[in-house]
Amino acid sequence: MKSGVQETAQHAFASTFKSLSIASSKKSEKSSKGKFYSLPELSKQFPNIQRLPMSLRIVLESVLRNCDGQRVLPEHVEQLANWKPQAERTEEIPFVVARVVLQDFTGVPLLADLAAMRSTAERMGKNASAIEPLVPVDLVVDHSIMVDYYGSKNALDLNMKLEFERNNERYQFMKWGMQAFDTFGVVPPGFGIVHQVNLEYLARGVHQDKQHVYYPDSLVGTDSHTTMINGVGVVAWGVGGIEAEAAMLGQPVYFLTPDVVGFELSGSLREGVTATDLVLTVTEMLRREKVVGKFVEFFGEGTRSLSVPDRATIGNMAPEYGATMGFFPVDDKTMEYFKGTGRSKAEIAAFEAYFKAQGLYGVPKAGDIDYSQVVRLDLATVAPSLAGPKRPQDRIEIGQVAAQFDTLFSAPVAQNGFNLPADQLARPVKVHINGAGETAEPQTRPLPAGSPRNAEEMVANKPAVVDEEAALEAADAHAERIEGRDVELHNGDVLIAAITSCTNTSNPSVMLAAGLLAKKAVKAGLRVQSHIKTSLAPGSRLVTLYLTESGLLPYLEQLGFSIAGYGCTTCIGNAGDLLPEFNSAIQHHDLVCAAVLSGNRNFEARIHPNIRANFLASPPLVVAYAIAGNVRKDLMTEPVGQGKNGRDVYLGDIWPTTDEVQALMKFAMNGKAFRANYEKVSSEPGKLWEKIKGVTGATYTWPDSTYIAEPPFFKDFSLAAPEPTAEQRDNAVRKARVMALFGDSITTDHISPAGSIKDSSPAGQWLLANGVKKSDFNSYGSRRGNHEVMMRGTFANVRIKNLMLEAKPDGSREEGGLTLYQNPGEEQGSKLFIYDAAMRYKAAGTPTVVFAGEEYGTGSSRDWAAKGTQLLGIKAVVARSFERIHRANLVGMGVLPLQFKQGESWETLKLRGDELIDIVPDPSLAPRSKAKLIIQRADGSVTEAELVLRIDTPIEVEYYKDGGILPFVLRQLL
């Protein structure tokens, strides 16, 4: 029953509550009836709605439907209905989403927070079960599998067994969550990547409640690439786990009314051009247009021609071009995709009827919609491309890759170069495998299981769970190619070639193209050099099915692209290690070796700490570069390799045609196969998953674990927000020390790495001290359920550069999470890990601040980048600009984000890092108000500058004043 307030609030829009007729899928049955909140009816009050972007209309429907006079007010409906393309953005939208999706790296800490809320409630004598998600939550386990084994048909089985051994404690915790919360479900390991599973299975098009009110699908997810689902007309984007928890627990997702950029596509793609080439072009264009915080909506005749997988590929990379989302309207192509992926006829009928009734069906033409700005692209101008070597927006046409690599080899770091002597570029390095080659150095760590030098070594290092016979078979297959060989390494050598990531493996056209290219390559006599780490890790088991049924998988396997797992793998840094000899050679000779992958991100040290040049490419190009073996080879003019009888084989000889790809598409879109696969999520989740036993009960029994620990965010929690001290009342940060001075494009990977843990790092030292062997460290991502590891890992990326540290004689900067400790009398100016310095500052009661350049916090939506910042005692981050999700997460954790005025930076203010800092915002913390930066230098002089407070909305003010979003939400619930 609605409250009186809600009935009063909705009374103003009572005329919009209409009947919805849905045609039956069977001729013998009558059409069904439902209800919906009609936007066409609302447009009678607000004619402007007919010109609104489609994405905003879907948000408007949620605001209208949830208008209750408390969280959502009638004026919110009016504000959004009257949206103007060029207006100043000062109003916030309370958006109530239909559901939430999680992946396991970000989902585990979120579940830990929920468990901690229940523990806190129980300690306070409250009903712990009051902490319950109010919307459906699905967690897909996709981030935990690593490419330890590869190049063998046994790789999948062996990698999964290793995954379950490493992550047993985490999976037990997930199973507790499944039984503790009614609305929390888990898609177990081995089914695929969250965004591909969402696209193929979880998304239903429309929902209906118990009163038969229909409403469109919408969601937020704890992964930045949640935007992939924009390809089927779903309004969705990535948020940090902090915001996702609030959404799960009944809070609207608040955001500023956005600009909406219309992206008009015309023409059609040329022969030989893939969806990957298109998305890299779109990413380059939109990053240049500075669309951070904006919606991008695609329209025009070219958009109509794109298949849903092509659209999803473009939506997936919205974080790379900086937009909140990359939205595609619903049309006939959407319905075709839902049929092809096994949705029921009744679901499809409801989906189509609802969107047609709302006037939301079909791709708009030019002039139909009022956009804030319009960007245009003729699809015929798109060329085969890669992106790299360090950023996804740095697109390079394939014919220019070799020359660009050579240029960047000696270019300064500030120009994305490697700053190495030009005469070193062509110098080869000989490496002997399984012997003391000239570059070999003592290795103290055990050999990675996926890089055997011989079968015996693999079996000696295998965990108990791995079947010895299978391990020997995999080892023998690999050792035949590697053991006892001399390998000559060069700059530009491809050492990792990975078909991975939901961005592209969700798209049958590029996956079939990769298989066809492999088939032609094998028949031409081409092969992949044995030292290259090749892997195929699709985002869905359906990919394996259609590659098998089309007869293409054996050819991929012959080139080393055997199925290594169903998960993110190389795309998120789970590539597994290289041979120890290769690591040694790269480090000793400063080699710039390459990875080529079909992923969406290629930030420094993300793929592998020793692979410095990382290129994004379509799946067929990944295979082609694996065969070529070096990115310095120009595949437009030079042969890919030598085939039978030493004949030169060129890329054009093996590149598949569009007709060849389309002829096999029938194997990919098989609705029965999709239904049969996803029915197994509950009926046959797998023996490894079934063996996992979790504890039961409404509250979690926190174990003594290095994986899962009760987070400290509710320590000293009280139902009333604590009264601020006199010093806290003006919300100022005083007498703070500088923790770091960073440049541009500091990513969340830099702030909170997901990959391997060095034994010399603070996190590694803590694990060793707690009895964990280095071989069992796993990754930062897998240990996000333990704050002790994660706070020590904050700013611990091996490639992060703190510019407080003096430059080396060659102009380069020392890398790693280091700072200069500045407290007087305590080794002032001494070099320490950031974690160690932070603990000293906290013990001394000294606040700290971080300064940075443009795009601070770009990349993955990992909440630990903000949580770790807060736990280190950092009170404020001052940057030239912020990426959307990380800025919101900082506020959500009670850390002040502040922005320099245009043209100013810490460099123009001549900061060195030894200054004392005061930051004095407007005491009211009014959104985007002015703040004062006061710099007291070591010589006693004082400089002042004006900043902009990047608390952007009124609700964020409330979050910050309550100590962050988590205590705010818990107080609301209790």
Side-chain angles (χ1 to χ4, degrees), residues 39 50-58 199 203 205-206 216-217 227-236 260-283 285-286 295-318 321 323 325-341 343 348 351-371 373-382 506-510 658-659 661-662 665 668-669:
L39 295 176
Q50 298 175 10
R51 302 286 300 176
L52 284 184
M54 305 289 247
S55 52
L56 283 187
R57 291 189 221 177
I58 293 174
L199 190 71
V206 292
D217 193 15
T227 50
M228 186 168 183
I229 203 66
N230 299 159
V232 290
V234 175
V235 169
V260 182
V261 178
F263 199 121
E264 183 180 9
L265 295 174
S266 60
S268 57
L269 294 174
R270 292 178 291 155
E271 181 68 35
V273 177
T274 67
T276 313
D277 305 318
L278 172 57
V279 73
L280 295 180
T281 303
V282 169
T283 299
M285 291 177 66
L286 288 176
F295 287 7
V296 173
E297 184 169 299
F298 292 85
F299 70 98
E301 292 300 325
T303 299
R304 294 184 183 197
S305 72
L306 295 179
S307 68
V308 161
D310 289 354
R311 298 174 186 185
T313 297
I314 296 170
N316 179 283
M317 286 189 71
Y321 44 84
M325 59 177 188
F327 181 84
F328 288 82
V330 171
D331 66 354
D332 290 344
K333 290 285 177 68
T334 318
M335 298 305 141
E336 289 173 17
Y337 182 80
F338 266 52
K339 291 173 186 174
T341 50
R343 269 68 169 206
I348 295 168
F351 191 7
E352 184 171 351
Y354 179 87
F355 272 76
K356 285 182 175 178
Q358 289 285 33
L360 292 170
Y361 196 89
V363 175
K365 298 177 182 177
D368 287 352
I369 302 289
D370 293 329
Y371 293 112
Q373 70 181 96
V374 173
V375 178
R376 295 180 174 86
L377 173 65
D378 180 352
L379 294 174
T381 64
V382 177
S506 62
N507 195 324
S509 66
V510 291
T658 301
D659 287 345
V661 172
Q662 289 303 314
M665 197 63 74
M669 303 306 290

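Note that the structure is predicted; figures quoted are calculated from it, not measured.
- Residue Leu280 holds its CG atom at 5.5 Å from CE of Met317, rounded to the nearest 0.5 Å.
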Exercise. When you look at Asn230 and Phe295, which way does the side chain to side chain contact (heavy atoms under 4.5 Å, CB included) test go after all the steps?
Worked result: CA-CA 11 Å; Asn230 299 159; Phe295 287 7; over 6 Å; no
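- Put simply, the side chain of Glu264 does not reach to within 4.5 Å of the side chain of Thr303, judged on heavy atoms.
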Exercise. Run the side chain to side chain contact (heavy atoms under 4.5 Å, CB included) check on Val330 and Leu360 step by step: do they pass?
Worked result: CA-CA 7 Å; Val330 171; Leu360 292 170; over 6 Å; no
Problem set entry | Trace of the side chain to side chain contact (heavy atoms under 4.5 Å, CB included) decision for Ile369 with Arg57 | CA-CA 11 Å; Ile369 302 289; Arg57 291 189 221 177; 3.4 Å; yes
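- At distances below 3.5 Å, at least one donor-acceptor pair connects side-chain atoms of Thr227 with backbone N or O atoms of Gly315.
- Side-chain atoms of Asn316 and Thr313 form no donor-acceptor pair, as typed in the model, at a separation below 3.5 Å.
- Closest approach of Asp368 and Lys365 over heavy atoms only: OD2-N, 2.8 Å.
- Taking 4.5 Å as the limit, every side-chain heavy atom of Phe355 sits out of range of all side-chain heavy atoms of Met54.
- Leu306 has its side chain within reach of Leu265: a pair of non-hydrogen atoms, C-beta onward, lies under 4.5 Å apart.
- Between Val282 and Val296 there is no side-chain heavy-atom pair separated by less than 4.5 Å.
- Between Arg311 and Asp331 there is a salt bridge, with a side-chain nitrogen of the basic residue lying less than 4.0 Å from a carboxylate oxygen of the acidic one.
- Ser307 contributes atom OG, which lies 7.0 Å from atom CE of Met665 (distance to the nearest 0.5 angstrom).
- The ring-ring contact (aromatic ring centres under 6.0 Å, His included) with Phe299 is formed by just one residue from the set Phe263, Tyr371, Phe328, Phe327; it is Tyr371.
- Taken to the nearest 0.5 Å, the CD1 atom of Ile229 stands 7.0 Å off from the CG atom of Asp217.
- Remark: the backbone N or O of Gly205 is not paired with any side-chain donor or acceptor of Tyr354 at under 3.5 angstrom.
- When all heavy atoms of Leu377 and Met285 are compared, the closest pair comes out as CD1-SD, 3.9 Å.
- One N or O on the side chain of Arg343 and one on the backbone of Ala203 form a donor-acceptor pair closer than 3.5 Å.
- The aromatic rings of Phe338 and Phe351 lie tilted to each other, with the angle between the two planes from 30° to 60°.
- Taking 4.5 Å as the limit, some side-chain heavy atom of Leu199 sits within range of a side-chain heavy atom of Met228.
- Within the 4.5 Å cutoff, no side-chain heavy atoms of Val273 are placed close to those of Leu278.
- The shortest non-hydrogen separation linking Glu297 to Val260 is CB-CG1, 4.1 Å.
- In this structure the side chain of Pro309 reaches within 4.5 angstrom of the side chain of Pro508, judged on heavy atoms.
- Shown here for Met325 and Ser55, the closest heavy-atom pair between the two residues is CE-CB, 3.5 Å.
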Problem set entry | Test log, rule side chain to side chain contact (heavy atoms under 4.5 Å, CB included), inputs Ile348 and Lys339 | CA-CA 7 Å; Ile348 295 168; Lys339 291 173 186 174; 3.4 Å; yes
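- The nearest pair of heavy atoms linking Gly272 to Thr658 is N-OG1, 4.5 Å.
- For the residue pair Pro364 and Pro329, the shortest heavy atom distance occurs at CD-CG, 3.7 Å.
- Residues Ser305 and Leu379 are in side-chain contact: their nearest non-hydrogen atoms beyond the backbone lie under 4.5 Å apart.
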